[in-house]
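Atoms within a ligand are numbered from 1 in the order they appear, just like the ligands themselves. Counting begins at 1 with the first residue of the sequence. Values below: all heavy atoms of this structure, side chains included; hydrogens, waters and symmetry mates excluded.
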Amino acid sequence: MNRDKKLVVAMVGLPAMGKSTVALKLKENLDKEDVRVAVFNNGDVRRRMLPGNTAHAGFYNPENAETASLREHIAATNMAEARAFLSAGGQIAILDATNVSPKRRETIRATFPDMPILFIECRNDDPALLDFSIDRKIRGQEFAHLPEAEAKKSFRERIGYYRHILRSLTPEDGNGVILDSLNNRILVERADSLLPYYARIRDLLVSDWIKNLFLARHGQSEDNLAGRIGGDTDLTATGRSQAWALSRHFIGTPIPYVFTSTRRRTQEMAEPLVTARQYCSVFAFTEFDEIDAGQCEGMTPAEIKQTRPEVYAARSLDKYRYTYPGGESYAMLAERVERGLKKAFFLSGNAENILIVGHQAVNRVILSHFLFRRAEDVPYIYIPQDRYFHIVSTHTKKLFELKKF
Ligand code: F6P
């Protein structure tokens, strides 16, 4: 490898678009390949230089000449540190900042006239996801002094200021990639393929980055005990002891993000594990709710066979594509579960470990995202209630293991 090759990567995008996650993903992976990479985050410099409160939205108002020049100074300091790193043998400096205005990008080019620059713009237009991202952001130290509603408002205002000056990358910016950071998909690619490190970076941008996903199903619920499908019942005593066993099993394992459905049984399953730890954000997604059995919700399979024989027969013929009257098919479920997964991975960013507590059909679909299964076999994947799947999926490692808890 030619160690003299240098590259400046400059992130571009509004706050909460996943820029830092992408920057860290690049760093962690390139580190493993012995490339000397460092991330230079404007926010870190700001907090270091101005230890007072700079979380309030007014600080980001472009009309405020005083704070605007302070922010330029912060950006310049960050770039100077990146230059120093590259001069001292560093190979890739990642500028992790919004860099949304053409003027700022011009400054970056002027600061590194002798080096190739790759701009990576992160975008995602999912409004619900933005809400969750803001939720996550305001849990940070910076917003600790504000009541939740005020912190949210302030962060939204900050985004508004940036949106005002945001200009997407254009050919004039030079080498650039526009990335849908929710779906790891390159939307626009204008990069010279001979750019140093580009082949590796491109591959990383579009790869999954799931370090450790623990996928559990809720324990036994009242409806499970009665053999009824769907519903929203609580866990039984057996189910609760399964929840405690899950929590005990992971004692000592940091799990900063837990995702459940909006159903009581998944939340009760996660509860002992969540309450046992100080740092754990829990998100309940409707996308992870169990398959909607429509008119058959609350029935047992025997009742369906007896009272709705046409439903029973048709579902047995093509369980993946069959849509319950007034409900869903596995194919429909797969679409929303996929959305939920993308959201969960986006929100958990670089987390080492995450847990999803789902349902039988939901977990089948999640597993089929990682494992090849023919569509017709997906609705029959075995999903026990006293075991979990440990899944790793990065561009260099795939692991899949069913473990007891
Ligand atoms: O029986 C438990 C359950 O989670 C039901 O709520 C759901 O309808 C069913 O499993 C999904 O499994 P299948 O598609 O095999 O009926």
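For ligand 1 and Gly230, the ligand atoms under 4.0 Å from any heavy atom of the residue are 5 (C), 6 (O). For ligand 1, the atoms lying closer than 4.0 Å to a non-hydrogen atom of Arg315 are 13 (P), 14 (O), 16 (O). The distance from ligand 1 to the heavy atoms of Asn224 drops below 4.0 Å at these ligand atoms: 2 (C). Within the listing of ligand 1, atoms 12 (O), 13 (P), 14 (O), 15 (O) sit less than 4.0 angstrom from a heavy atom of Arg364.
With respect to atom 14 (O) of ligand 1, the closest heavy atom belonging to the protein is Tyr330 OH, 2.6 Å. Among protein heavy atoms, the minimum distance from atom 10 (O) of ligand 1 is reached at Gln360 NE2, 3.0 Å. Protein heavy atom nearest atom 15 (O) of ligand 1, with residue, atom name and distance: Lys319 NZ, 2.6 Å.
A salt bridge links Asp173 and Arg109; the closest N-O separation between the charged side-chain nitrogens and carboxylate oxygens is under 4.0 Å. Taking the charged nitrogens against the carboxylate oxygens, Arg200 and Asp203 have no contact shorter than 4.0 Å, which rules out a salt bridge.
For Glu66, the CD atom counts as loosely surrounded, since its 6.0 Å shell holds 12 or fewer non-hydrogen atoms of other residues, nucleotides or ligands.
Evaluation of the side chain to side chain donor-acceptor pair (under 3.5 Å) test over residues 268-285, restricted to residues two or more places apart or in two chains, returns Arg139-Ser281.
Considering each of Arg263, His359, Glu290, the one bringing a non-hydrogen atom nearest atom 4 (O) of ligand 1 is Glu290.
Partners of Lys319 by side chain to side chain contact (heavy atoms under 4.5 Å, CB included), not counting sequence neighbours, listed by chain and number: Arg315, Tyr330, Arg364, Pro379, Tyr380.
Scanning both residues, Met299 and Glu303, for their nearest heavy atoms gives CA-OE1, 3.3 Å.
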